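Everything numeric in this text was worked out from a predicted model, so none of it was measured.
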Amino acid sequence: MTQNPNLQKLSEAGVSVWLDDLSRDRIESGNLAELVATKSVVGVTTNPSIFQAALSKGHVYDAQVRELAERGADVEATIRTVTTDDVRAACDVLAPQFEASHGVDGRVSIEVDPRLAHDADKTVAQAVELWKIVDRPNLFIKIPATEAGIPAIAKVLGEGISVNVTLIFSVERYELVMGAYLDGLEAAKAAGHDLSRIHSVASFFVSRVDTEIDKRLDKIGTPEALELRGKAALANARLAYAAYQQIFEVQPRFQGLLPDGARPQRPLWASTGVKNPDYPDTLYVSELVAPNTVNTMPEKTLDAFADHGEVAGDTVSGTAVESQEVFDKLSAVGIDLTDVFKVLEDEGVDKFEVSWTELLEATAEQLRAAGQKS
């Protein structure tokens, strides 16, 4: 099998291609392995919505749910078993990419219960539990970048556990995330952990920023406001990359950890499926090409880029000044960016909580049905 040339060019430009989806059918059918072999996929991200969708389709999980029902497993235990089994299997599929990249790629993420997003101690406890259950070195534990999540991220990293920080919307919050990463590395070093084995990505959400800000620009309705539609998300991500460069390439704190094997916390572009049909369907991929980044894509976006995506070199580095100008113009026309980012974070947490609740309810029904059949 040969790699798709468009996605291969993206990889060669320094962007790791990850798939934002997982299901048991995708693993058992060989589809995930095929995407690795033909579409440069070197990582997988999951979230509660993805698992809810996977478990609600078809019958691939029925036999395991029946077995768990016969053992008397409750809903929480069933979901934990099913999801960690899928993630472990995906880790095994991607193990060669993990080895070839010396631990940088070949990663699979699993998220802590979204209902714990505002409880640091319980987040840490579940992160440690999931790390032990999956028991694979190429696992990432996903922790949301809420106010409670920031100290939890540092504590989990300090335990020697690799973390995917999710639901980052603002550069200000991203700076706190990077600080938590450095806190975690320093704590891990003090505890005697090998820093070269601790990795992290910071998942910066993209398309949702345009969705929220475009809605507000349309409401304002002035020519100046309408001219800014579709520009906020890219400007936000590019400012985040400039912040990443400052922390990991310039400031001495991280440089001091390099002799201990520390790795930079790579920016990961998440929510890269285009939601506005007026925009190019590869917008949040082709316009966010930069070294040492990850782009996790839904399969629709992956296929679109494979078909007609273009790589025109680095489209991010050196864009901070013009990106800040976009933000200045947004403020000038009346966009309250602080409120935008708060709304997006609240909605992100709520969306995953709703998906998790739906997953709990659907699994409870499956357990009841399995119990009646046995």
S.K.: Assess whether salt bridge (Lys or Arg N to Asp or Glu O under 4.0 Å) is satisfied between Glu345 and Lys342, documenting all intermediate values.
M.R.: CA-CA 5 Å; Glu345 181 181 302; Lys342 182 182 185 305; over 6 Å; no
S.K.: Do NZ/NE/NH1/NH2 and the carboxylate oxygens of Arg66 and Glu70 come within less than 4.0 Å?
M.R.: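 No, this pair does not count.
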S.K.: Salt bridge check, Glu186 against Lys189: does any charged N sit closer than 4.0 Å to a carboxylate O?
M.R.: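 Answer for the salt bridge query: no.
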S.K.: Return yes if some donor-acceptor pair links the side-chain N/O of His199 with the main-chain N/O of Ser196 below 3.5 Å, else return no.
M.R.: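 Yes.
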S.K.: Considering non-hydrogen atoms only, spot the tightest contact between Ser23 and Ala54 and give its length.
M.R.: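 Closest pair (atom of Ser23, atom of Ala54, distance): CB-CB, 3.8 Å.
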S.K.: I need the Gln324 CD to Asn236 CG distance, nearest 0.5 Å.
M.R.: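 So the gap between those two atoms works out to 10.0 Å.
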S.K.: Using 30° and 60° as the class limits, which term best fits the ring planes of Phe169 and Phe205: parallel, tilted or perpendicular?
M.R.: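 Correct class here is tilted.
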S.K.: Are any of the side-chain heavy atoms of Arg26 and Asp86 separated by less than 4.5 Å?
M.R.: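 A side-chain contact is absent here, since even the closest heavy-atom pair is not under 4.5 Å.
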S.K.: Can you tell if the side chain of Phe341 reaches within under 4.5 Å of the side chain of Val171, non-hydrogen atoms only?
M.R.: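 Counting from C-beta outward, Phe341 and Val171 never come under 4.5 Å.
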S.K.: From the options Asn276, Asp210, Asp218, select the one residue that forms a side chain to side chain donor-acceptor pair (under 3.5 Å) with Arg229.
M.R.: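 Single side chain to side chain donor-acceptor pair (under 3.5 Å) partner of Arg229 among Asn276, Asp210, Asp218: Asp218.
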S.K.: Working to the nearest 0.5 Å, report the span between CZ of Arg80 and CD of Glu129.
M.R.: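 Spacing of CZ (Arg80) from CD (Glu129) equals 5.0 Å.
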S.K.: Using a 3.5 Å distance criterion without hydrogens, assess whether the side chain of Asp260 forms a donor-acceptor pair with backbone atoms of Ala262.
M.R.: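 No, because the side chain of Asp260 does not come within donor-acceptor range (under 3.5 Å) of the backbone of Ala262.
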S.K.: To the closest 0.5 Å, what do you measure between CD1 (Ile335) and CG (Leu228)?
M.R.: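 One finds 8.5 Å between CD1 of Ile335 and CG of Leu228.
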S.K.: Would you call Arg253 and Asp183 a salt bridge, taking side-chain N to carboxylate O under 4.0 Å as the test?
M.R.: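 Salt bridge: yes.
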S.K.: Of all the heavy-atom pairs spanning Ser286 and Thr315, show the shortest one and how long it is.
M.R.: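 Heavy atoms only, the tightest pair is O-OG1, 3.2 Å.
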S.K.: What I want to find out is whether Asp214 reaches Lys275 closely enough, with some N-O distance under 4.0 Å, to be called a salt bridge.
M.R.: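 Judged by the 4.0 Å cut-off on N to carboxylate O distance, Asp214 and Lys275 do not form a salt bridge.
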S.K.: Kindly work out whether a path of hydrophobic side-chain contacts (I/L/V/M/F/W/Y, heavy atoms less than 4.5 Å apart) joins Leu234 to Tyr279.
M.R.: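 Yes, because Leu234 and Tyr279 connect within a single hydrophobic cluster, where side-chain heavy atoms sit under 4.5 Å apart.
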S.K.: If Ile, Leu, Val, Met, Phe, Trp and Tyr residues are connected whenever their side-chain heavy atoms lie under 4.5 Å apart, and connections chain through other members, are Val36 and Trp18 in the same group?
M.R.: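 Each belongs to a different hydrophobic cluster.
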S.K.: For Lys9, look at atom NZ and say whether over 12 heavy atoms of other residues, nucleotides or ligands are found less than 6.0 Å away.
M.R.: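 No.
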S.K.: Counting only heavy atoms not in His308, do more than 12 fall under 6.0 Å of its NE2?
M.R.: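 Buried by this count: over 12 neighbours within 6.0 Å.
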S.K.: With a 4.5 Å limit on heavy-atom distance, are the side chains of Glu347 and Arg208 in contact?
M.R.: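 In short, these two side chains do not touch, never coming nearer than 4.5 Å.
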S.K.: Any chain of hydrophobic side-chain contacts (each under 4.5 Å) joining Val201 to Ile50?
M.R.: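 No, it is not one cluster - the side chains of Val201 and Ile50 are not joined through contacts under 4.5 Å.
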S.K.: Are more than 12 heavy atoms, taken from residues, nucleotides or ligands other than Glu365, located less than 6.0 Å from that residue's CD atom?
M.R.: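 Check passes, neighbour count above 12.
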S.K.: Looking at Lys300 and Asp21, does any basic side-chain N land under 4.0 Å from a carboxylate oxygen?
M.R.: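 Salt bridge between Lys300 and Asp21, a charged N being under 4.0 Å from a carboxylate O: no.
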S.K.: Taking the basic N atoms (NZ, or NE/NH1/NH2) and the acidic carboxylate oxygens, is any pair closer than 4.0 Å for Arg88 and Asp135?
M.R.: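 No, no charged N to carboxylate O under 4.0 Å.
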S.K.: Any heavy-atom pair between the side chains of Asn295 and Val17 that's under 4.5 Å?
M.R.: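 Side chain of Val17 against side chain of Asn295, heavy atoms only: no contact under 4.5 Å found.
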S.K.: For residues Thr296 and Thr45, is any side-chain donor paired with an opposing acceptor at under 3.5 Å?
M.R.: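 Note: Thr296 and Thr45 side chains meet the donor-acceptor criterion.
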S.K.: Look up atom OG in Ser162 and atom CG in Leu157, then write down how far apart they are to the nearest 0.5 Å.
M.R.: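 Atom-to-atom, Ser162:OG and Leu157:CG are 7.5 Å apart.
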S.K.: Establish, from distance only, whether the side-chain atoms of Arg107 and Ser16 form a donor-acceptor pair under 3.5 Å.
M.R.: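 Per modelled atom types, Arg107 and Ser16 side chains form no pair under 3.5 Å.
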S.K.: Any side-chain donor paired with an acceptor under 3.5 Å for Ser29 and Asn31?
M.R.: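 Judged by distance alone, the side chains do not pair up.
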S.K.: Side chains of Met178 and Phe248: closer than 4.5 Å at any heavy-atom pair?
M.R.: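 Side chain of Met178 against side chain of Phe248, heavy atoms only: contact under 4.5 Å found.
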S.K.: Does the pair Thr84 and Val87 meet the rule for a side-chain contact (heavy atoms from CB on, under 4.5 Å), with working shown?
M.R.: CA-CA 5 Å; Thr84 55; Val87 167; 5.6 Å; no
S.K.: Is there a donor-acceptor pair under 3.5 Å between the side chain of Asn138 and the backbone N or O of Gly106?
M.R.: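 Judged by distance alone, yes, a pair lies under 3.5 Å.
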S.K.: Hey, are the side chains of Arg238 and Val326 touching, using non-hydrogen atoms and a 4.5 Å cut-off?
M.R.: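 When only atoms from C-beta onward are counted, Val326 and Arg238 do not touch, as no gap falls below 4.5 Å.
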S.K.: Determine whether Lys155 and Glu159 satisfy the following criterion, salt bridge (Lys or Arg N to Asp or Glu O under 4.0 Å), listing intermediate values before the conclusion.
M.R.: CA-CA 7 Å; Lys155 288 180 181 178; Glu159 296 286 337; over 6 Å; no
S.K.: For Ser200 versus Tyr181, what's the shortest heavy-atom pair and its separation?
M.R.: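 Nearest pair, atom of Ser200 first, then Tyr181: CB-CE1, 3.5 Å.
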S.K.: So how far is it from Asn164 CG to Gln265 CD, rounded to the nearest 0.5 Å?
M.R.: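 The CD atom of Gln265 is 9.0 Å from CG of Asn164, to the nearest 0.5 Å.
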S.K.: One pair to check against side-chain contact (heavy atoms from CB on, under 4.5 Å): Val104 and Arg266. What are the steps and the verdict?
M.R.: CA-CA 9 Å; Val104 174; Arg266 291 187 297 168; 3.3 Å; yes
S.K.: When you compare the side chains of Ser109 and Lys142, does any donor N or O come within less than 3.5 Å of an acceptor on the partner?
M.R.: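 No, because no side-chain N or O of Ser109 sits under 3.5 Å from a partner of the opposite role on Lys142.
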S.K.: Quick one: closest heavy-atom pair of Thr123 and Leu116, and the distance?
M.R.: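 Closest approach of Thr123 to Leu116: OG1-O, 2.9 Å.
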S.K.: Following the transitive rule for hydrophobic clusters with a side-chain heavy-atom cut-off under 4.5 Å over Ile, Leu, Val, Met, Phe, Trp and Tyr, establish whether Ile141 and Phe51 coincide in one cluster.
M.R.: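 Yes, Ile141 and Phe51 fall within the same hydrophobic cluster.
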S.K.: Look at Glu325 together with Lys329 and state whether they make a salt bridge at an N to O cut-off of under 4.0 Å.
M.R.: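 The answer is no: the pair does not qualify as a salt bridge.
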S.K.: Can you see which heavy atom on Val349 is nearest to which on Ala117, and at what distance?
M.R.: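 For Val349 versus Ala117, the nearest heavy atoms are CG1-CB, 3.9 Å.
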S.K.: Which pair of non-hydrogen atoms, one from Val316 and one from Ala290, has the smallest distance, and what is that distance?
M.R.: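 In this case the closest contact between Val316 and Ala290 is CB-CB, 3.7 Å.
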S.K.: Do Gln366 and Thr78 make a side-chain contact, defined as non-hydrogen atoms from C-beta onward lying under 4.5 Å apart?
M.R.: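 Answer no - side chains too far apart.
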S.K.: Checking side-chain polar atoms at under 3.5 Å, does Tyr61 have a donor or acceptor matched by the opposite partner on Asp85?
M.R.: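 Side chains of Tyr61 and Asp85: no pair found under 3.5 Å.
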S.K.: Looking only at side-chain N and O atoms, does Gln52 offer a donor or acceptor that is under 3.5 Å from a partner on Ser355?
M.R.: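 No donor-acceptor contact under 3.5 Å links the two side chains.
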S.K.: Run the side-chain contact (heavy atoms from CB on, under 4.5 Å) test on Val333 and Glu227 for me, step by step, so that the C-alpha distance in whole Å, both residues' side-chain angles and the decisive distance to 0.1 Å come before the verdict.
M.R.: CA-CA 11 Å; Val333 300; Glu227 179 65 25; over 6 Å; no
S.K.: If you draw a 6.0 Å radius around CD in Glu249, do more than 12 non-hydrogen atoms from other residues or ligands fall strictly inside?
M.R.: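 Counting neighbours around CD of Glu249, more than 12 heavy atoms of other residues, nucleotides or ligands fall under 6.0 Å, so yes.
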S.K.: Could you grab the distance from atom CG of Leu176 to atom CD1 of Ile168, nearest 0.5 Å is fine?
M.R.: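 That separation rounds to 10.0 Å.
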S.K.: So do the side chains of Leu337 and Ile213 get within less than 4.5 Å of each other, counting heavy atoms only?
M.R.: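 Of all side-chain heavy-atom pairs linking Ile213 with Leu337, at least one is under 4.5 Å.
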S.K.: Report the relative orientation of the aromatic rings in Trp269 and Phe204; use parallel for angles under 30°, tilted for 30 to 60°, perpendicular for over 60°.
M.R.: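 Geometry flag for Phe204 against Trp269: perpendicular rings.
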S.K.: Give the intermediate values and the outcome of side-chain contact (heavy atoms from CB on, under 4.5 Å) for residues Gln3 and Ser11.
M.R.: CA-CA 11 Å; Gln3 293 288 359; Ser11 299; over 6 Å; no
S.K.: Could you see if Leu130 belongs to whatever hydrophobic cluster contains Ile143? Use Ile, Leu, Val, Met, Phe, Trp, Tyr and a side-chain cutoff under 4.5 Å.
M.R.: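 Yes; tracing contacts between hydrophobic side chains, which count when under 4.5 Å, links both residues.
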